[in-house]
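Hydrogens, waters and symmetry mates play no part in the numbers below; they use all other heavy atoms, side chains included. These numbers were taken from a predicted model, which means no experiment stands behind them.
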Amino acid sequence: MEHIRLPKVENVRLLDRVSPRRSRVGTLYLTATHSIFVENEGGERNETWVLHSLVCSVEKQAATASGCPLHIRCKNFQLLNFNIPRESECQDVHLSLQRLSQPERYEELYCFSYKPNIDEEERRQEWAFMDLRADYSRVGLPNSLWKLSSVNQQYKVSDTYPADLFVPESATPPVIVGSSKFRSRGRFPALSYYSKENHAAICRSSQPLSGFSARCLEDEQMLEAILRSNPRSDFMYVVDTRPKLNAIANRAAGKGYENEDNYSNIKFQFMGIENIHVMRNSHQKMLEVCELRSPSMSDFLEGLENSGWLKHIKAVLDAGIFIAKAIAEEGVSVLVHCSDGWDRTAQVCSVASVLLDPYYRTLRGLMVLIEKDWISFGHKFSHRCNHLVGDPKEVSPIIDQFLECLWQLMEQFPCAFEYNERFLITIHSHIYSCQFGNFIGNSQRERIEKGVCEKTHSLWSYLWTNRADYTNPLYRPDHSQTQGLLRPSTAPYCFKFWRGLYNRFDRGMHPRQSVEDYLRAIQEETQQLEEQLTSHKQKITQLEQEQGWNATTFDKSPTVWALGNDLALANTPQDYTGGFFASSPHSPKAPAGGLILLPLDSKQAADSSFSTSSDQESGIADLSCRSPLSEDSTRDPDSDEAAYSAA
Amino acid sequence: MEFSEHIKTANVEDVELRQPLHPPSRGTLCITGHHLLFSDREEGSSRQVLLLLRNIDAIEKSVENLLGYTSFFSHAGHSERTSGSSGTITIKCKDLRVLQLDIPGMEQCLNIAHSIETLSCLDNVSEMYPFFYRPTDLNPQSHRGLSAMETYYGQTKELHERWRLSSVNRAYSVCPSYPPAVIVPNSTDDDVLKRVAKFRQGGRFPVLCYYHRKNGMVIMRSSQPLTGANRKRCKEDELLLQAVIDGSDKGYIIDTRSSQQVQQARITGGGFESKSFYDRWKRLHRQMEKGKALQESLIKLVEACSDESHNMDRWLSKLENSKWLSHVQTALSTAGLLAECVERDGHSALVHGSEGTDCSLLISTLAQLIMDPCCRTLEGFLGLLEREWVEAGHPFQQRCAHSAYSHARLQQESPVFLLLLDCVWQLWRQFPLALGFSEALLLRLATEVYASDYGTFLCNSDQERSALGVKENTYCLFRALLRPTERDIYLNPLYEPTELAIWPSVHPQSLQLWKGFFLRWTQQTRHLEEVQEEIRNMVIEWGKLALS
C-alpha cells in the first residue's frame, strides 16, 4: 500500500479508444492490486477493473485545457485512455501505477496476495491436479527404451531443467553429465515427445559448445543413444530452429551447431525461426497496427505485412510440421535445439506434439503440454512476460506465438480441438496476470525456492473447474479431420490476423452473434432432452409428468436465449464515416476490465436493447454531433468487470 | 448456326483429367455444343464431370511432339500412346476451378481446344444453353406472373397512400433498362416522368426501391442528372424529388462518385443535383470503384490466391495491392451510411452514380439487408435480387462475360454482383444467425451468374429478355433454388429472425477474404464445408429431440 500516492481521483474521464470525443466520467480508485474506474453517470454502477500486473505501460502526456491524459496499455491488449482533471493528480496516479505495475520482488506478485475463498486442503489439491509422470505413463514410459533419470534431482546438472527427465535407456550418468557440459546452460538432450506407435521420439536440448572444431565424446554418445532408442530407424534428424547465419555467428562465441561428420547418422537441418529480439519488434509493430484509430484496409494490410508477424508464425508452424512429419511419416527421431533451448525449441516441440497427438488437442492435454514443454523445461516466463521490473531486452512474446499457432490450426480444423479460442485467450491472460503461481519465475527450481506450490493457487485446476466455458461444441474426436497427424496447409492465405486476441477489447470489431455460444446452448439442451427422453421412456405411463416437461424445455430453448444475445449486440451502428459523418456515431467500445470472457447475461442484454430501440426515434441528434445511442451503448452493462470478483 | 461446325473431334479416348481435390483419372472426353463431358473409365467408378462450356474463362494448350513421349503423369500399366504426340489443355473456369486434360494426339488436342475456344464465348443469347435446358421437375415460366416490383408494391400496403405503380415504361420507351412497372410518388403523373427521364442518363428517372416500415422513409435510385457544363435544370425532376420528401424537412442524396468526379462528369453532359435547385436535399459523396478497376481488382486477387510461392510478405502485399477488400469495405460502409440516413436519421434517400446500374444497386441492396428483416430470408433475398438486379437492369451479360482468368481484352466486364455476394458473406460472418440463407447459396449464385443452365441472368435488361422470350423459353434459377429438393441446402440452420437492423463492422480487422469462393478448390475450404455440415446435423438432431 505504500506505493499508492493517491487512493482516489474524482471527475476522471475514460475516453473511448476509437472515438475519443466520447467519454465516461467517474472516479478512479487505486488499490494494491487493481485500479478501478467507477462510472458516476447513469443509474447503474459500471466498473472497469484493471489488474496492475497486467499493466504494460503507463504514459502521461502534456496537460491540456480539459485535463491531463494518461494512457494505460495492458499486456492483454486492453488500452485505457484516461483524462485526469489536475496535473498533480495525474502525476501521482502515474507514479503510483508505474510502481504498482512493476514489482521488484517476487513476493509482491499478485499470486501471493490472491486469496479466493478456498481452504488449504483444496488449494493443495489444485496443485496435485497436474501430474506429468502420469502423462509419460500414458505413452507407456518408462519402458525398455526410455528411463526416468534422477541425474538432475538437485538441479545440479542443469539448473533450468526439471528434476524429472527421460533419457535413453543406454545413457549412463557420466554420458549425460559429459554431454551437459558440452551444451549451453547444461541443457543436455532429453525426451520431449515419444510415439508409442513407432518409437520415434522428439528430444530437446540447447546448442552444443562446438565453436569451430570442438568435439565431445559423451555428447556424440548421447545422440547415438537417442538414435538407438528408435530401433527401426538408422538415422535421426538434428533440427536447429535458428536461421543458419545466427548459428554460424554463435560459433565465434564457442557455441554453434553439430557437425554432421562428428556424429554418426545424423541429418542436420536449419529452420530459420528468428530470435526473441526480432519477435519482440515484430509484435510491437503488429500491435501498433491494431491500435490505429481508423485505418484503411491498405493501411492495415501494409502494416501487417511490414510487421512480419504472420511470417514468423508461419515459420514456427512450418518447423513444427517438419518435425511432426519426420516422426509420424518417416518414423525418425528428432533432436531439436536453438540457442538455449527454452524459446524456439519449446515452441517447435509443442507445436509438433499438438500435430502428432490428438490428446494435446483436448483441454487436459493442452494443460499438460504447456506444463511439460514450457513450464517444466524452463521457459523463462518471468523474463519473457516482464513479471518483475527487469531487462526489457529479455521480454518477448514467445508463448504468445505458440498460442497463436494453435489458434491458426483451430481455424483450419474447427472439429479437431476440444478447447475453444476463449481457452487460449484465458491462458494467455493468466500467463501475464500473475494471479496464479504456475508461470512465476524462470524455472522449476525458482518456483520451488519461492514456495509457489505452498503459497499460491494453480491455474490448471481453475480452468478445469470451469471447463464448460472452454469447450468447443464442434469438437468431434471421431471426425476424419481429427484422426492422427494433423496436416495443416501453410499456404500464406491460411494465416489470419488474430482479431480475437489482439483486438480483444474492441468489441465493435467482433461478430455480433456467436455461432459457438448458440451451438453450445443447443448441445446442452440436446443432452438434457436426451436424458429426459430416456427417463421418460422409463416412466412412460405417467402422462402428466410428460406434459410438464414439455412446457419447461420450451422456456429454455436456445431460440429464446439466442434472441436475447442478438438483441444486445445486433443494433450497434458502426463507423461509416466519410466527409459528412465525420463526427457521427462510432461503434461502442466499452472497455472492459475483466480478465475472463463471460457470456452475456440475457437479462442485461434485454436492458441494453431497450435503450437502443428507444434511441431509434431520436436519430437526428446523431447526425449533428454525437450519437445518443453510442452513449447508451457504452453504458451497456455487458462488461466483464465482474469476472474478477467471481474468480 | 450449327454447333457441329465447330466440333471437329467430338470424342477422345484415354484422356487424363486432373482437377483439384481429386486424384487424376483416365477416361473419355466428349464435347457437345454446350458441354464438356468427361467420363471416368476406371472399373467400378462411374464418375463424370460435366462442365458447361460457358463456364470456361480461358484455356491454355501445350502440345508435345516427341516420338514415344509419354506423359509424365501417366501411370504404369496403361498402354503406351499409339501416336507419338500428345497435348495438355488447361481449362480455367469462371468459378475459379482449374482443370487439366492430357489428350493423346496433337491434332485431337488442337481440335478440342479450338472447339472450346469458340463455343465457350458464343455471344448469341438465343443459342445459349438455357434455351436448351429442360429439367423434368420444374415448370417453365410460361405464365407471366407479376414482376418482383409489382409484387413488392402489392405486399407493401403502407405505400399505397402516397405512392403508385406507374406503367409509363410499359413498352420500354421511357427507359430501356427499367422494367415496365415502377413505383413513383402519387402526385407525379406519367408526363412528368417522361420529362424527368430525358433529364437522367439512360432515362433512369428516380424510382422507389425500398420503403422503411418503421418510419415511412424510402430509398430511391436513379442515374445522374444531365445537368452538363452549363448547369441545366429540369423543373419536373426537382418536383419529383420534392414529392419524395413531401412533408419531411430533408432528404439525402448518396452519390457513389467523389465530389471531384461529379464536377468532371459535367463536362461530358452528366452532373449532380445542385444545392441551389434541390435545397432540401443534402448530397453525400462516397467514391466507389466500378467497371474496369473492379474487374482488375478481381483479376489481381485471383492471381494472388494462386501464387504458390509460400511467401507471406508477397501474399499480404498482393492481397493489399488487389484492393478487393478495400472495395468490400467501401461498399459496406456506404451501405451503412445509407441505412443510417434512413433508419437512424429518419430521412429518405436517393442513390445514384452515373448510370445507376451498378454501385447504386449494390448499395441499395446491402442497405435493405441491413435494415429490413423481410429480405434476410431465402425467399426474401432472392426476391430482392430479382427486383434490385435482374429487373432493375444490371447488365449481367456485359458484366459477367468474362471472369478473372480470361485473356480477352476487357470490355464491359465488372464483378459488381460478385462484390455484392462477398459483402453479403461478410454480413453473414458478422451476424451468423441473422440471415436465413447459407453460404452455399452465395456460392451457387456466384457460379450461376457467370454460367448457368437457367435464363435468370441472361441479357442486360428486362427489355432484351422480353424480346428474346427468355421468360417463355428458359427456366428460372430462383424458382429452382426454392424446390423442396434444393431448398434445404440453401437455408441457414442457425437462422433466428431479428427485427433489428444489423449494422456491419467495417474495420479492416472485421473483414476477411471470402475463402469459400476465392479458395474454393482447396482442402482448407473443404474442412470448413464439413464444419457447416456438422452444424447442420447438430441443429437437426436438436430439432428432432425438441419435437419429440
| field | Straight-line distance of A:Ser298 OG to B:Asn321 CG, nearest 0.5 Å | value | 8.5 Å

| Contact part of B:Gln512 toward chain A, heavy-atom cut-off under 4.5 Å: side chain, backbone, both or neither? | side chain

| task | Find the distance between CG (B:Leu545) and CD1 (A:Ile522) and round it off to the nearest 0.5 Å. | result | 11.5 Å

| query | Roughly how far, to the nearest 0.5 Å, is OG of A:Ser307 from CG of B:Asp313? | reply | 9.0 Å

| query | Can you name the nearest heavy-atom pair linking A:Cys415 to B:Glu534, along with the distance? | reply | SG-CG, 4.0 Å

| request: Give, as side chain, backbone, both or neither, the part of A:Leu474 having an atom under 4.5 angstrom from any heavy atom of chain B. | output: side chain

| field | B:Arg429 to A:Pro511 - nearest heavy-atom pair and separation | value | O-CB, 3.8 Å

| query | So, do A:Thr526 and B:Met538 sit near enough that their side-chain heavy atoms are less than 4.5 Å apart? | reply | no

| field | Min side-chain heavy-atom separation A:Pro492-B:Leu316 under 4.5 Å | value | no

| query | For B:Asn311, is it the side chain, the backbone, both, or neither that has a heavy atom closer than 4.5 Å to a heavy atom of chain A? | reply | backbone

| task | Heavy-atom distances under 4.5 Å only: say whether B:Leu319 touches chain A with side chain, backbone, both or neither. | result | both

| field | Contact summary for B:Gln524 and A:Ser489, nearest pair of heavy atoms | value | NE2-CB, 2.8 Å

| note | Checking heavy-atom separations under 4.5 Å from chain A, one finds in residues 365-372 of chain B none

| query | Relative to chain B, which segment of A:Tyr493 carries a heavy atom at a distance below 4.5 Å: side chain, backbone, both, or neither? | reply | both

| note | Here the gap from A:Arg293 atom CZ to B:His507 atom NE2, rounded to the nearest 0.5 Å, amounts to 12.5 Å

| What is the minimum heavy-atom distance between B:Ile535 and A:Val515, and which atoms define it? | CD1-CG1, 4.0 Å

| query | Under 6.0 Å from the NZ atom of B:Lys275, do we count more than 12 heavy atoms belonging to anything else shown? | reply | yes

| task | Please check if the side chain of A:Gln513 supplies one atom and the backbone of B:Ala434 the other of a donor-acceptor pair under 3.5 Å. | result | yes

| Heavy-atom proximity to chain A below 4.5 Å, by part of B:Thr522 | side chain

| said: Counting only non-hydrogen atoms closer than 4.5 Å, does B:Gln329 touch chain A with its backbone (N, CA, C, O), its side chain (CB onward), both, or neither? | reply: side chain

| note | The interface call for B:Leu325 against chain A, heavy-atom contacts under 4.5 Å, is both

| Using the ring of each side chain (for Trp, its six-membered ring), is B:His527 parallel, tilted or perpendicular to A:Phe413, with breaks at 30° and 60°? | tilted

| request: Could you tell me the separation between the CZ atom of A:Arg512 and the OG atom of B:Ser505, rounded to the nearest 0.5 Å? | output: 5.5 Å

| message | Please give me the minimum heavy-atom distance between B:His310 and A:Thr490, naming the atom from each residue. | response | ND1-O, 3.5 Å

| note | Separation between CZ (A:Arg499) and CD (B:Gln509), nearest 0.5 Å, reads 8.5 Å

| task | Please state whether the side chain, the backbone, both or neither of A:Lys311 comes within less than 4.5 Å of a heavy atom of chain B. | result | both

| task | Counting only heavy atoms closer than 4.5 Å, note whether B:Lys515 contacts chain A via side chain, backbone, both or neither. | result | side chain

| task | Against chain B, label A:Arg487 side chain, backbone, both or neither, depending on which of its atoms sit under 4.5 Å from a heavy atom there. | result | neither

| Criterion side chain to side chain donor-acceptor pair (under 3.5 Å) on A:Tyr518 and B:Glu496, from CA distance to verdict | CA-CA 10 Å; A:Tyr518 185 89; B:Glu496 292 284 346; 2.9 Å; yes

| task | Among B:Glu541, B:Glu530, B:Lys323, B:Lys544, single out the residue with the greatest number of heavy-atom pairs under 4.5 Å to chain A. | result | B:Glu530

| B:Glu499 atom CD: more than 12 heavy-atom contacts under 6.0 Å | no

| message | For chain B, which candidate among A:Arg476, A:His510, A:Gln412, A:Lys496 shows the most heavy-atom pairs at distances under 4.5 Å? | response | A:Arg476

| remark: Turns out that what part of A:Gln527 lies under 4.5 Å from chain B's heavy atoms comes down to neither

| note | Among B:Cys305, B:Gly543, B:Pro432, B:Ser317, the residue with the most heavy-atom pairs under 4.5 Å to chain A is B:Pro432

